[in-house]
Amino acid sequence: MPARLLKIATYNVNGIGARLPHLLAWLQREQPDIVGLQELKCSQDAFPQAAIAQAGYGAIWQGQRAWNGVALLARGQDPVESRRGLPGDPGDGQSRYIEAAIHGIVVGCLYAPNGNPQPGPKFDYKLQWMARLARHARTLVELPHPVALIGDYNVVPTDADIYDPKGWRRDALLQPQSRQAFAELLAQGWTDALRQVHGDARIYTFWDYFRQHWPRDRGLRIDHLLLNPVLAAALRDAGVDRWVRDLEKASDHAPTWVQVQAPSRTGK
DNA sequence: ATGTCCAGACGATCTGGA
């Protein structure tokens, strides 16, 4: 019997109010099984649950007025929520993490802080948040079932992940401390799925709105799917749905995805 | 400093954030 494949995707929508038509068109065409969304930029009450249910997806979300906001969508089922918010700072009111079991996989959806300008309090918050993420990730990586940590990490891991590292050298996304935080996750045993599949190929997931960067393909790779060893063994393909970035009034990010062999229902 | 887009606000343009 052929193995069933699951598509897991992450998409920073940059405002779900402005981007709902794009989101629905993408769900219809690509039929991802598991979706993490970031930058909803909507209050908890304003999330378009009815339209997403109509498209065939159950959803959980953590909204926030105007900024941040994350959601998880599950094709044909409801996510089973396991966590809302990163542990380690009860005073952190920013909506940046939500986690659930979907189709037999534990999925954490994250929107890491941008951190600009650096140095400064926003950069300090970015590094503290990444340290909290690392502490939580350590509790997930060695679990005996498949786990994915997907989202906008706001980190360009290496100079090969950006069109112009010199032009961005002072940006928070390229700082050694930011890159070290990402590298520490990989050192725990997580696999960077896009790099695993594509080796040294140029891959971008974000093209800012300035200076016609999209038409000139001047991008950054900052949306990542990290897989624990159990799930990495099931990895079959990975990619970026660039056609979504080419739509009129597009988000500055494109959906980024992996295809994995579905876990067996009996478990292991 | 620049570039562009989103959401919100005592709004018919400004601001903060990215």
Side-chain angles (χ1 to χ4, degrees), chain A residues 10-26 36-49 51-52 61-71 86 92-97 109-130 133 150-157 161-175 177-179 181-182 204-224 240-256:
Chain A
T10 178
Y11 180 27
N12 180 322
V13 293
N14 188 17
I16 199 165
R19 223 68 63 201
L20 186 59
H22 289 189
L23 173 64
L24 296 175
W26 171 67
L37 301 176
Q38 303 88 33
E39 281 209 85
L40 302 177
K41 294 186 175 177
C42 76
S43 64
Q44 188 69 12
D45 292 345
F47 185 82
Q49 180 181 22
I52 286 169
W61 64 96
Q62 178 70 24
Q64 183 178 335
R65 193 184 67 162
W67 297 310
N68 307 320
V70 285
L86 269 186
D92 183 358
Q94 300 191 25
S95 297
R96 296 186 177 276
Y97 189 83
C109 170
L110 64 99
Y111 175 52
N114 174 289
N116 282 303
Q118 73 80 32
K122 291 188 177 179
F123 191 62
D124 295 342
Y125 173 67
K126 176 190 185 82
L127 297 181
Q128 288 161 10
W129 197 93
M130 292 300 285
L133 176 63
I150 68 175
D152 179 355
Y153 283 73
N154 266 316
V155 175
V156 175
D161 295 304
I162 183 168
Y163 69 97
D164 177 16
K166 287 181 179 171
W168 287 70
R169 70 189 183 282
R170 302 182 70 171
D171 194 279
L173 280 57
L174 279 74
Q175 292 313 297
Q177 302 100 310
S178 307
R179 289 176 161 178
F182 188 79
Y204 301 137
T205 67
F206 165 87
W207 300 256
D208 72 26
Y209 292 121
F210 305 148
R211 306 181 201 90
Q212 296 194 295
H213 278 167
W214 164 248
R216 299 158 74 191
D217 196 25
R218 298 189 164 206
L220 290 66
R221 190 175 75 97
I222 58 176
D223 301 276
H224 306 298
V240 180
D241 287 334
R242 292 171 61 105
W243 66 269
V244 181
R245 183 62 182 82
D246 203 40
L247 296 171
E248 198 173 342
K249 306 271 293 180
S251 167
D252 38 9
H253 296 251
T256 305

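Because the structure is predicted, anything quoted here is derived from the model rather than measured. Note that these values count all heavy atoms, side chains included, but never hydrogens, waters or copies made by symmetry. Numbered from 1 within each chain, the chains take letters A, B, ... in sequence-line order.
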Figure out the [atom1]/[atom2] separation between [X] and [N], and round it to whole Å.
X         : N       : atom1 : atom2 : answer
Leu23(A)  : dC6(B)  : CG    : P     : 15 Å
Gln64(A)  : dC6(B)  : CD    : P     : 19 Å
Asp171(A) : dT2(B)  : CG    : P     : 18 Å
Glu39(A)  : dA18(B) : CD    : C1'   : 6 Å
Gln94(A)  : dA18(B) : CD    : C1'   : 13 Å
Phe210(A) : dG17(B) : CZ    : P     : 15 Å
Asp252(A) : dT4(B)  : CG    : C1'   : 9 Å
Asn116(A) : dG16(B) : CG    : C1'   : 14 Å

Practice item. Quickly, which of Glu39(A), Arg96(A), Gln38(A) forms a side-chain contact (heavy atoms from CB on, under 4.5 Å) with Asn68(A)? Name it, please. Key: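 The passing option is Arg96(A).
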**Study point:** Sole candidate of Asp152(A), Leu23(A), Asn12(A) that passes side-chain contact (heavy atoms from CB on, under 4.5 Å) when paired with Leu37(A)
**Key:**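 By the side-chain contact (heavy atoms from CB on, under 4.5 Å) criterion, Leu37(A) pairs with just one of Asp152(A), Leu23(A), Asn12(A): Leu23(A).
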Taking the [atom1] atom in each of [N] and [M], what is the distance between them to the nearest angstrom?
N       : M       : atom1 : value
dC10(B) : dC5(B)  : C1'   : 25 Å
dT15(B) : dT2(B)  : P     : 13 Å
dA1(B)  : dT13(B) : P     : 26 Å
dG11(B) : dA7(B)  : C1'   : 13 Å

Distances for protein N/O vs nucleotides 9-15 of chain B N/O pairs under 3.5 angstrom?
unit_1 : atom_1 : unit_2   : atom_2 : d
dA9(B) : OP1    : Arg65(A) : NH1    : 2.6

Review point. Excluding sequence neighbours, so at least two apart, what forms side-chain contact (heavy atoms from CB on, under 4.5 Å) with Asp246(A)?
Key: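 Applying side-chain contact (heavy atoms from CB on, under 4.5 Å) to Asp246(A) gives Trp214(A).
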Point to revise | Distance-minimising heavy-atom pair for Ala254(A) and Trp207(A) | key: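 Here Ala254(A) and Trp207(A) meet closest at CB-CZ3, 3.8 Å.
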Hey, what do you get for [atom1] ([X]) to [atom2] ([Y]), rounding to the nearest 0.5 Å?
X         : Y         : atom1 : atom2 : result
Ile162(A) : Leu174(A) : CD1   : CG    : 4.5 Å
Thr10(A)  : Tyr111(A) : OG1   : OH    : 11.5 Å
Lys126(A) : Asp124(A) : NZ    : CG    : 12.0 Å

Check your understanding: Do the side chain of Arg19(A) and the main chain of Asn14(A) share a donor and acceptor less than 3.5 angstrom apart?
Key ->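 Yes.
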Point to revise | Side-chain donor/acceptor of Gln118(A) to backbone N/O of Arg170(A), under 3.5 Å | key: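 At least one qualifying donor-acceptor pair exists.
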Check your understanding: Can you tell me if the side-chain N/O atoms of Lys41(A) get under 4.0 Å from OP1 or OP2 in dC5(B)?
Key ->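 Result: no.
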Check your understanding: dG17(B) phosphate, OP1 or OP2: any side-chain N/O from Lys122(A) under 4.0 angstrom?
Key ->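 It does, given that an N or O in the side chain of Lys122(A) lies less than 4.0 Å from OP1 or OP2 of dG17(B).
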Exercise for review: Hey, which sits more toward the 5' end of DNA chain B by its nearest nucleotide, Pro113(A) or Arg19(A)?
Suggested key: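 The residue mapped nearer the 5' terminus is Arg19(A).
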Review point. Between Asn154(A) and Ala250(A), who's closer to the 5' end of DNA chain B by nearest nucleotide?
Key: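 First, find each residue's nearest nucleotide; the 5'-ward one identifies Ala250(A).
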Check your understanding: Is there a donor and acceptor pair, one atom on the side chain of Arg211(A) and one on the base of dT4(B), closer than 3.5 Å?
Key ->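 No, no donor-acceptor pair under 3.5 Å.
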Review point. Looking at the side chain of Trp67(A), which of dA7(B), dG17(B), dA18(B) is the nearest nucleotide?
Key: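 So the nucleotide nearest the side chain must be dG17(B).
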Review point. So, Asp223(A) versus Thr205(A): side-chain donor-acceptor pair below 3.5 Å or not?
Key: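 Yes.
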**Study point:** Interface with DNA chain B, restricted to residues 10-18 of chain A and to heavy atoms under 4.0 Å
**Key:**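 Those residues whose heavy atoms fall under 4.0 Å from DNA chain B, taken from residues 10-18 of chain A in numerical order, are Asn14(A), Gly15(A), Gly17(A), Ala18(A).
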